[in-house]
Amino acid sequence: MAHINETPILHKGTAVNEDAAAGITGRDIRLSAANLFIAFIALLIGGFAGLLQGLVRSGFFELPSWISYYALLTAHGVMFILVLSSFFSIGYLYAGTSRVLGGLANKTIAFGWAGFALMTTGTLIAAFLIVTGNANVLYTFYTPMQAHPWFYIGLALIVVGILLNCIGMFITYQSWRKRNPGKLTPLFAFFANAVFVLWVFASLFIAVFVIAMVIPWAFGWVATIDPMMGRTLFWAFGHTLVNIWMLTSISAWYVAMPKIIGGKVFSDSLARVAVVILVVANVPGGFHHQILDPGLSVNVKFLHVIQTFMIIFPSLMTAFAMLATMERTGRAKGVTSLLGWWKTLPWSDARFFALIVAMFAYIPAGLGGIINASNQINQVVHNSIWVTGHLHLTVGTTVILTFFGISYWLIPYLSGRKMTPTINRLAVAQTVIWASGMLLMSGAMHINGLLGSPRRTANTSYNGHSAAADWAMYEMLMAMGGVILVVGIILLVYIWAQLAFFAPKGKTDFPIGEDYSPSDASPLFMDRWSIWVALATVSVAIAYIIPLIDFASGHNPGSPPFLMP
């Protein structure tokens, strides 16, 4: 098949070394490894900040006077939601693209390192201001809550760095297409390009919000800011960010998982159609975070609910494709009973086990997303900790467990080492520990949310009110789940260190699945990203032109800044 490239191909502009230990060049390895290193540090910091949050909220621990609960909340959110997800996605997608396209272009490496430098600098600035208590604005950094101006400059540097990485990916993608006319881009590269297309859409919204609105306001150059405009621009970014995680994750489900279980990709064309729908329909979904906002008419909200529900279709397509892939693999191995193929799956292989547990978590996570996006039901759960529980099912379980599973082949692939049976068993145990902790924590959050417990608050006792007394047991379970998760993080870091530095030398491949049938190949116009970007732009225009014009009309006098304790 045209989209399978088992070995690096030497071509002008990429300087691919076919003798590279991991199958890609040393310079590509170093760029991916550097991004993964920052992601792992963010996991440690964000994980411990989350643990302290749970202990404080449940009453098990009292913070010293020099640090705020809201500083921990901000650190937990920014490190996990923005820093970890961004750096890991870039490191993983660059490595996989190098694997299937025969190396990264010279300009891609230059843009990649420039982006890495800006993102790292921005992360350090933002982290310093969070730790010093000058950025207690939660991970959503909603206005009119105000942080130190340099916190926003740090965020802006991260965004600009991401955009430089986007340019780098597009250069390699287009370079391959020019050298291979009449051929479909490898499926993994198609996924990678889609992720970076979404990054461009997301970054444009957050750049307008942070650079054009928040930084002048934070420096005091303007007295007030429009919170509704800010929330709208943020969630055009924030919801797109959610699907950036998901698209990154399902790239491993579609492309790597079939190879791991000894099968083939169920349908190349189905995968590409699912990707295109997700890209085209994604951005307007951000409005379901604003169903309770007063500045939007009922008609506009109804339109956005419909647009949000379009994302359900690629999710259902993915669920079908994953089950079909696993069943067909079992049938190819001779299984004839109705569910006998289930037993043939490599449950003891940590690379597969982490992915399948992530897929299981995606079922309730997706159902919760439908609830959150439904106009009437959202009004019940919106400002409760139910929403936090949903977030921990999506990013905390489905996405993060997929990232863990990816790392079990990605790290040894980059380091030129092999996973030993002992490390594999530890990785399986780590998956069980993480899933158990997240099930306990997220389950308690969902129940407590239905009981009315609020989110984003440090103190939920309400001076001993009887309604709040019912929340105490579930907050204790949340804290217990946090302890289990930190144990999982510590074990994971040990596994990563082993795979990076101490495991036996050897060759680990980046698993790329083959197609079942050449006749299933997608038409070449699927690679015409100008079509899909144009359709996505139209979708964004339908959703945002009217609300943004209304917000910018001057009817809102704006708000002065508020500082969180």
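Residue numbers start at 1 and run along the sequence shown.
By the ring pair (Phe, Tyr, Trp, His ring centres under 6.0 Å) test, Trp245 is found to be paired with no residue, residues two or more places apart in sequence or in another chain being considered. Applying the side chain to side chain donor-acceptor pair (under 3.5 Å) criterion to Asn165, with sequence neighbours excluded, gives Tyr94. Residues satisfying the ring pair (Phe, Tyr, Trp, His ring centres under 6.0 Å) criterion with Tyr152, sequence neighbours excluded, are absent altogether. Applying the side chain to side chain contact (heavy atoms under 4.5 Å, CB included) criterion to Pro64, with sequence neighbours excluded, gives Trp66, Ile67. Scored by the side chain to side chain donor-acceptor pair (under 3.5 Å) test, Tyr142 finds Arg231, Trp235 as partners (sequence neighbours excluded).
In this structure, the ring of Tyr254 has its center no less than 6.0 angstrom from the ring center of Phe266. Between Phe128 and Phe151, the ring center distance fails the sub-6.0 Å criterion. In this structure, His239 has its ring center closer than 6.0 angstrom to the ring center of His289.
Judged by distance alone, the side chain of Ser68 and the main-chain N or O of Tyr70 form a donor-acceptor pair under 3.5 Å. Looking at Ser58, its side chain does come within 3.5 Å of a backbone N or O of Leu55 through a donor-acceptor pair. In this structure, Thr394 contributes its side chain and Leu391 its backbone to a donor-acceptor pair below 3.5 Å. Looking at His446, its side chain does come within 3.5 Å of a backbone N or O of Ser442 through a donor-acceptor pair. A donor-acceptor contact shorter than 3.5 Å links the side chain of Ser32 to the backbone of Gly91. In terms of modelled atom types and a separation under 3.5 Å, the side chain of Thr344 and the main chain of Gly340 share no donor-acceptor contact. Although no hydrogens or angles enter the test, the distance criterion places a donor-acceptor pair under 3.5 Å between the side chain of Thr74 and the main chain of Leu138. Under a 3.5 Å cut-off, the side chain of His76 and the backbone N or O of Gly46 do form a donor-acceptor pair. The backbone N or O of Ala468 sits nowhere less than 3.5 Å from a side-chain atom of Ser453 that would complete a donor-acceptor pair. The main-chain N or O of Pro454 is never found under 3.5 Å from a side-chain atom of Ser384 such that the two would form a donor-acceptor pair.
Every pair tested for salt bridge (charged side-chain N to carboxylate O under 4.0 Å, His left out) that includes a residue from residues 391-410 fails, sequence neighbours excluded, so the list is empty. Screening residues 35-55 for ring-ring contact (aromatic ring centres under 6.0 Å, His included), with sequence neighbours left out, gives Phe40-Trp496. Residue pairs satisfying the salt bridge (charged side-chain N to carboxylate O under 4.0 Å, His left out) criterion with at least one member in residues 235-244, sequence neighbours excluded, are absent. For residues 448-472, the set of pairs meeting the ring-ring contact (aromatic ring centres under 6.0 Å, His included) definition, not counting sequence neighbours, comprises Tyr462-Trp471. The list of salt bridge (charged side-chain N to carboxylate O under 4.0 Å, His left out) pairs with a residue in residues 36-58, not counting sequence neighbours, reads Arg57-Glu475. The salt bridge (charged side-chain N to carboxylate O under 4.0 Å, His left out) analysis of residues 299-311, with sequence neighbours excluded, yields no pairs.
Few gaps surround CE on Met317; more than 12 heavy atoms of other groups in view lie less than 6.0 Å from it. Taking a 6.0 Å sphere around CE of Met213, one finds it holds more than 12 heavy atoms contributed by other residues, nucleotides or ligands.
With 3.5 Å as the limit, one finds no donor-acceptor pair spanning the side chains of Asn299 and Ser297. Side-chain polar atoms of Tyr92 and Ser407 form no donor-acceptor pair below 3.5 angstrom. With hydrogens and angles left out, the side-chain atoms of Gln430 and Tyr408 include a donor and acceptor closer than 3.5 Å.
The distance from atom CD1 of Ile244 to atom CE of Met246, rounded to the nearest 0.5 Å, is 12.5 Å.
Ring pair Phe237/Phe234 is perpendicular by interplanar angle, where above 60° counts as perpendicular and below 30° as parallel.
With contacts defined as side-chain heavy-atom distances shorter than 4.5 Å, the pair Leu440/Met480 qualifies. The side-chain heavy atoms of Ile385 and Met478, taken from C-beta on, include a pair separated by under 4.5 Å. Between His304 and Pro547, some side-chain heavy-atom pair lies under the 4.5 Å cut-off.
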Acceptor/donor pairs from residues 349-374 side chains to any protein atom, 3.5 angstrom cut, sequence neighbours excluded:
unit_1 : atom_1 : unit_2 : atom_2 : d
Asp349 : OD1    : Arg351 : N      : 3.0
Asp349 : OD1    : Arg351 : NE     : 3.2
Asp349 : OD2    : Arg351 : NE     : 3.3
Asp349 : OD2    : Arg351 : NH2    : 2.8
Tyr362 : OH     : Ser315 : OG     : 2.9
Asn372 : OD1    : Trp386 : NE1    : 2.9
Asn372 : ND2    : Gly368 : O      : 3.4
Ser374 : OG     : Ile370 : O      : 2.6

Thr325 vs Ile261, test: side chain to side chain contact (heavy atoms under 4.5 Å, CB included). Steps then yes/no.
CA-CA 9 Å; Thr325 298; Ile261 66 175; 4.3 Å; yes
Applying side chain to side chain contact (heavy atoms under 4.5 Å, CB included), run through Val305 and His288 and close with a yes or a no.
CA-CA 6 Å; Val305 167; His288 83 257; 5.7 Å; no
Quick one, Ile90 with Met119, criterion side chain to side chain contact (heavy atoms under 4.5 Å, CB included). Give me CA distance, side-chain angles, the key distance, then yes/no.
CA-CA 11 Å; Ile90 291 169; Met119 291 173 66; 3.8 Å; yes
Verdict with supporting geometry, Tyr69 and Asn136, side chain to side chain contact (heavy atoms under 4.5 Å, CB included)
CA-CA 9 Å; Tyr69 172 87; Asn136 298 344; over 6 Å; no
